[in-house]
Structure formats: structure tokens, C-alpha cells
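Values below: every heavy atom of this structure, side chains too, minus hydrogens, waters and symmetry copies.
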Amino acid sequence: MNDSALITTGLPIALAIIMFGLGLSLTTDDFRRVTRSPKAVVVALVLQVLVLPLVAFGLVKLFDLDPLLAVGVMLLAASPGGTTANLFSHLFRGDVALNITLTAINSVLAAITIPIITNLAIDHFDAQGDLGLQLGKVVQVIAIVLIPVAIGMAVRRRSAGFAARADRPVRIFSIVVLVIVSVGALLGERENLADYMQQVGLVTGIFCLASLTLGYAGARLLRLDERQAIASSMEVGIHNTTVALTIALSVLDSTEVAIPSAVYSVLMYVLATAFGYLVTRRHPDAGKSLGRPAG
């Protein structure tokens, strides 16, 4: 699977289109909104950038994963939230404006945090012989994550009508690409699939639940309102696994590193739906107000 043109060329192009679509949904005001709701933004970003990699590292060590799978889990933890988090936040009455702001900031931060965390994981788990994220590949990560977002934002500024028309097709395209790549990654390792599922299925499931719970509980402990807590939960718990899969398959050239993200991409939909349902059942009136988030 790794050597096919679909992966080496097609997948980065597909991700660029997805990130371009993400840019079409953003404006510079989404970045400025951080000054209106600083506590909510800081809480979610600290959880996502600092706490989640530590949680992932603890799980990897606890379950004594194979080095390449361990790197895959750390890459997953470093991957940002995405537009799917915005959708789930909307479904469960979260503060979607907060999600959009977090997605905007995460898109920028991911270009820095993904290479740093991935390289640290490669070094720590002694996977240098199999992997490498040298300067050229770091630049490639930045290019496929950041540049299409910037272009999308520029296009939206010039043509809001085109951005609105492109939103639904790009979202559908994103889902199709994620399904194809996830299934392909799993089939590419079908001989070892049962073993991998046994190793990373529980780890990724626990990691997903921990991410959702930390996002929600961290926000509530710091006295953010219910809508902000739901938004934080979905942003922290639902990762842009297409980014992780593209880096694993096209940049690192490793199907095994892609396995945790492929498994997570299936589990997160089920677990995030269950988590959102439980939270809204506990707080049936959450989010009915359409007011903006308070700082």
C-alpha cells in the first residue's frame, strides 16, 4: 500500500483539498475571537497540545506497544481537531464558535507540534532505523497542513459565495477519503490485523474516552459553561485522523504507524456519539441559548 501512487501522491493532494476546505470555513475573526473567550481557548489548547501527548505516552508505556505502533499513537495524539469536531459540537449543542476558533488555532499549531512530538517519539521508541522525520519531511508536513488552509482563507475573503457552495462537497470528500484510507491501511496490514487490533484497539479506545472526558471535565472544573465544555470535549476528543494517516503513509512511509489512527477513526465516531448523548442526557437544557461564549 505504501508504494502506490495513490498513497505517495494522491493522499497528500486529497489532504490538501481537505485542508483547503477547512480554510474556506475560517476567517481572521476566528483567530481574534480568542481575546473574547481566552479561558475556554487556553483550557482546550493546553489539554490538546500538552496533556493528550502525556496521556498517550502513558498508555503506550503501560501496554508496552511495538515501537512503530507507539509512534503511531503519539502521532495521533499530536494531530489537531478538525471540522468533524465542529459537527459533533453542533449536534450536541456545544459552542460551535469556540470549536471554529480552536480549529483555526490548532491548524497553525499542528504544523509545529506534529513534527516535534513525532520526532521525540521516534527517538524515544528507538524507531530511527525504520522512520525519519528530517527537515525536508518537516517542511512537507507544514506544507500539507498549513498552506492549503491559508489559501482557503484567502479564497473565502475574495469569494464568500464560492466558500459557502464548496463547504458541503468538501465535507463529503473528507469523509470518503477518511473511510478509504482507514480501510486501506487496515487491509494493508491484514496479516497482522488481529494482533494489531488486540494491541491498539484497547489503547485507542481508552485514549478516545480519556480525551473526551478531559476536554469536558477540564472545562467544567475551570467553571466554563456547559456549551463550552461540550465544545472543548469534542475538539480535544475528535482528532483529524486524515492528517495523521497522511503523515504516516506518505511522509513516514509506514502502514504500521498508520494503524492506530485508522482504528481511532472508526472508534471516535461511536465513542463521541455515546459521550455526547450521555452529557446531553445529564444536562437536557445545555446549549439552548445561542449566546456567544463568555471569557
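Smallest separation of non-hydrogen atoms from V243 and I114: CG1-CD1, 3.7 Å. Nearest heavy-atom pair, G237 versus C208, reported as atom, atom and distance to 0.1 Å: O-SG, 4.2 Å. Listed here is the closest heavy atom pair of G201 and L267: O-CD1, 3.7 Å. Shown here for A166 and L24, the closest heavy-atom pair between the two residues is CB-CD1, 3.7 Å.
Among L76, L69, I247, L75, the one residue that satisfies the side chain to side chain contact (heavy atoms under 4.5 Å, CB included) test with V257 is L75. H239 pairs with exactly one of S211, S261, P80 by the side chain to side chain contact (heavy atoms under 4.5 Å, CB included) rule, that one being S211. For the pairing with S265, the side chain to side chain contact (heavy atoms under 4.5 Å, CB included) check across T241, I238, T242 returns one residue only, T241.
Side-chain contact between K61 and F125: present, with at least one pair of heavy atoms (C-beta onward) separated by less than 4.5 Å. With a 4.5 Å cut-off on side-chain heavy atoms, V155 and F162 count as touching. Residues M74 and I122 form no side-chain contact, since every pair of their non-hydrogen atoms from C-beta on lies 4.5 Å or further apart. Considering only heavy atoms from C-beta on, R93 stays 4.5 Å or farther from R227 through its side chain.
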Pair F275-Y216, side chain to side chain contact (heavy atoms under 4.5 Å, CB included): steps then yes or no: CA-CA 10 Å; F275 187 88; Y216 181 84; 3.9 Å; yes
Test log, rule side chain to side chain contact (heavy atoms under 4.5 Å, CB included), inputs L52 and L47: CA-CA 6 Å; L52 286 194; L47 287 169; 5.5 Å; no
Residue pair Q199, D66: steps toward the side-chain hydrogen bond (donor to acceptor under 3.5 Å, both in side chains) verdict: CA-CA 9 Å; Q199 291 185 62; D66 171 87; over 6 Å; no
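A donor-acceptor contact under 3.5 angstrom links the side chains of N99 and S89, judged on distance only.
Ring pair H124/F57 is perpendicular by interplanar angle, where above 60° counts as perpendicular and below 30° as parallel.
With hydrogens and angles disregarded, no donor-acceptor distance shorter than 3.5 Å links the side chain of T118 to the backbone of P115. Judged purely by atom type and a 3.5 angstrom limit, Q228 uses its side chain to pair as donor or acceptor with the backbone of D225. Although no hydrogens or angles enter the test, the distance criterion places no donor-acceptor pair under 3.5 Å between the side chain of T213 and the main chain of A210.
Look at R220 and E226 and you find a salt bridge, because one of the NZ, NE, NH1 or NH2 atoms lies within 4.0 Å of a carboxylate O, short of that distance.
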